[in-house]
Undergrad: 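This structure is in C-alpha coordinates; I'll ask about it shortly.
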Amino acid sequence: AALYVCMSRAARRAESLIRSVRALEHIIERKRGLEDALPRASAGLEARAGGVIHDTVAGTLRHLHQYERRLDAAAAAAAGDRAWRAVEDMPLRL
(Lines give C-alpha, C1' and ligand atoms only; values in the text may rest on other atoms or scores of the structure.)
Protein backbone atom coordinates (compact mmCIF):
# COMPACT_ATOMS: atom_id res chain seq x y z
CA ALA A 1 0.00 0.00 0.00
CA ALA A 2 2.89 2.37 0.74
CA LEU A 3 4.22 2.05 -2.80
CA TYR A 4 0.77 2.84 -4.20
CA VAL A 5 0.53 6.04 -2.15
CA CYS A 6 3.90 7.24 -3.49
CA MET A 7 2.78 6.85 -7.13
CA SER A 8 1.60 9.81 -9.19
CA ARG A 9 -2.10 10.19 -9.84
CA ALA A 10 -1.68 9.01 -13.45
CA ALA A 11 0.34 6.01 -12.34
CA ARG A 12 -2.30 5.10 -9.72
CA ARG A 13 -5.03 5.36 -12.35
CA ALA A 14 -3.05 3.19 -14.76
CA GLU A 15 -2.42 0.62 -12.02
CA SER A 16 -6.14 0.50 -11.22
CA LEU A 17 -7.04 -0.03 -14.87
CA ILE A 18 -4.40 -2.74 -15.32
CA ARG A 19 -5.76 -4.52 -12.27
CA SER A 20 -9.28 -4.15 -13.68
CA VAL A 21 -8.23 -5.86 -16.90
CA ARG A 22 -6.58 -8.66 -14.94
CA ALA A 23 -9.74 -9.11 -12.86
CA LEU A 24 -11.85 -9.26 -16.02
CA GLU A 25 -9.50 -11.87 -17.47
CA HIS A 26 -9.78 -13.84 -14.24
CA ILE A 27 -13.59 -13.75 -14.42
CA ILE A 28 -14.12 -14.28 -18.15
CA GLU A 29 -11.30 -16.62 -19.15
CA ARG A 30 -10.98 -18.60 -15.94
CA LYS A 31 -14.71 -18.56 -15.20
CA ARG A 32 -14.24 -17.24 -11.66
CA GLY A 33 -16.69 -15.14 -9.69
CA LEU A 34 -16.66 -11.41 -9.21
CA GLU A 35 -16.44 -11.93 -5.45
CA ASP A 36 -13.20 -13.89 -5.99
CA ALA A 37 -11.58 -11.50 -8.47
CA LEU A 38 -12.27 -8.12 -6.87
CA PRO A 39 -10.55 -8.65 -3.51
CA ARG A 40 -7.47 -9.97 -5.31
CA ALA A 41 -7.44 -7.02 -7.71
CA SER A 42 -7.90 -4.46 -4.92
CA ALA A 43 -5.36 -5.94 -2.51
CA GLY A 44 -3.04 -3.27 -1.14
CA LEU A 45 -4.87 -0.35 -2.70
CA GLU A 46 -6.67 2.60 -1.19
CA ALA A 47 -10.47 2.27 -0.91
CA ARG A 48 -11.01 4.76 -3.74
CA ALA A 49 -8.81 2.75 -6.11
CA GLY A 50 -10.67 -0.40 -5.14
CA GLY A 51 -13.89 1.40 -6.00
CA VAL A 52 -12.55 2.32 -9.43
CA ILE A 53 -11.69 -1.33 -10.04
CA HIS A 54 -15.12 -2.47 -8.86
CA ASP A 55 -16.93 0.07 -11.04
CA THR A 56 -14.80 -0.72 -14.10
CA VAL A 57 -15.17 -4.49 -13.79
CA ALA A 58 -18.86 -4.50 -12.87
CA GLY A 59 -19.72 -2.01 -15.61
CA THR A 60 -17.81 -3.96 -18.23
CA LEU A 61 -19.48 -7.22 -17.24
CA ARG A 62 -22.90 -5.56 -17.22
CA HIS A 63 -22.50 -4.50 -20.87
CA LEU A 64 -20.27 -7.34 -22.09
CA HIS A 65 -22.97 -8.89 -24.28
CA GLN A 66 -23.42 -5.58 -26.10
CA TYR A 67 -19.68 -5.18 -26.63
CA GLU A 68 -19.43 -8.73 -27.97
CA ARG A 69 -22.29 -8.16 -30.44
CA ARG A 70 -20.67 -4.98 -31.71
CA LEU A 71 -17.27 -6.63 -32.09
CA ASP A 72 -18.77 -9.61 -33.92
CA ALA A 73 -20.64 -7.34 -36.30
CA ALA A 74 -17.55 -5.18 -36.87
CA ALA A 75 -15.48 -8.29 -37.63
CA ALA A 76 -18.13 -9.44 -40.11
CA ALA A 77 -18.10 -5.99 -41.73
CA ALA A 78 -14.33 -6.09 -42.01
CA ALA A 79 -14.70 -9.45 -43.73
CA GLY A 80 -17.00 -7.83 -46.30
CA ASP A 81 -20.34 -8.83 -44.76
CA ARG A 82 -23.24 -6.39 -44.61
CA ALA A 83 -23.55 -6.82 -40.86
CA TRP A 84 -22.11 -3.37 -40.25
CA ARG A 85 -25.57 -1.81 -40.71
CA ALA A 86 -26.79 -3.91 -37.80
CA VAL A 87 -24.05 -2.40 -35.62
CA GLU A 88 -25.16 1.13 -36.44
CA ASP A 89 -28.71 0.27 -35.39
CA MET A 90 -27.73 -1.36 -32.07
CA PRO A 91 -28.34 0.78 -29.00
CA LEU A 92 -25.41 0.95 -26.60
CA ARG A 93 -26.45 1.87 -23.09
CA LEU A 94 -23.70 3.00 -20.75
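Residue numbers start at 1 and run along the sequence shown.
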Undergrad: Would you say the side-chain atoms of Arg19 pair up with the backbone N or O of Leu45, donor to acceptor, closer than 3.5 Å?
TA: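 Side chain of Arg19 to backbone of Leu45, a donor-acceptor pair under 3.5 Å: no, none is there.
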
Undergrad: Return the minimal non-hydrogen interatomic distance between Ala23 and Ala37, and the atom names on each side.
TA: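 Taking Ala23 first and Ala37 second, the nearest heavy atoms are O-CB, 3.9 Å.
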
Undergrad: Are Leu38 and Ile18 connected in a single hydrophobic cluster, I mean Ile/Leu/Val/Met/Phe/Trp/Tyr linked by side-chain heavy atoms less than 4.5 Å apart?
TA: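 Ile18 does not cluster with Leu38.
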
Undergrad: Of the non-hydrogen atoms in Gly50 and Ser42, which two are nearest, and what is the gap between them?
TA: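 That closest heavy-atom pairing would be CA-OG, 3.6 Å.
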
Undergrad: Hydrophobic cluster membership, with links at side-chain heavy-atom distances under 4.5 Å among I/L/V/M/F/W/Y: are Leu24 and Leu64 in one?
TA: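 Linked within one cluster.
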
Undergrad: If you measure from NE2 on His65 to CZ on Arg70, what distance do you get to the nearest 0.5 Å?
TA: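 That separation rounds to 11.0 Å.
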
Undergrad: According to the salt bridge (Lys or Arg N to Asp or Glu O under 4.0 Å) rule, which pairs have a member within residues 24-43, sequence neighbours left out?
TA: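 The answer is Glu25-Arg30.
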
Undergrad: Which pairs would a plain distance check flag for residues 52-62, meaning a side-chain donor or acceptor within less than 3.5 Å of a matching protein atom at least two apart in sequence or in another chain?
TA:
| unit_1 | atom_1 | unit_2 | atom_2 | d |
| --- | --- | --- | --- | --- |
| Thr56 | OG1 | Val52 | O | 2.8 |
| Thr60 | OG1 | Thr56 | O | 2.8 |

Undergrad: Rounded to the nearest 0.5 Å, what's the gap from CD on Glu46 to OG on Ser16? Could you check?
TA: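 Answer rounded to 0.5 Å: 9.0 Å.
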
Undergrad: Please round to the nearest 0.5 Å and tell me the distance separating atom CD of Glu68 and atom CG of Asp72.
TA: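 One gets 7.0 Å once the value is rounded to the nearest 0.5 Å.
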
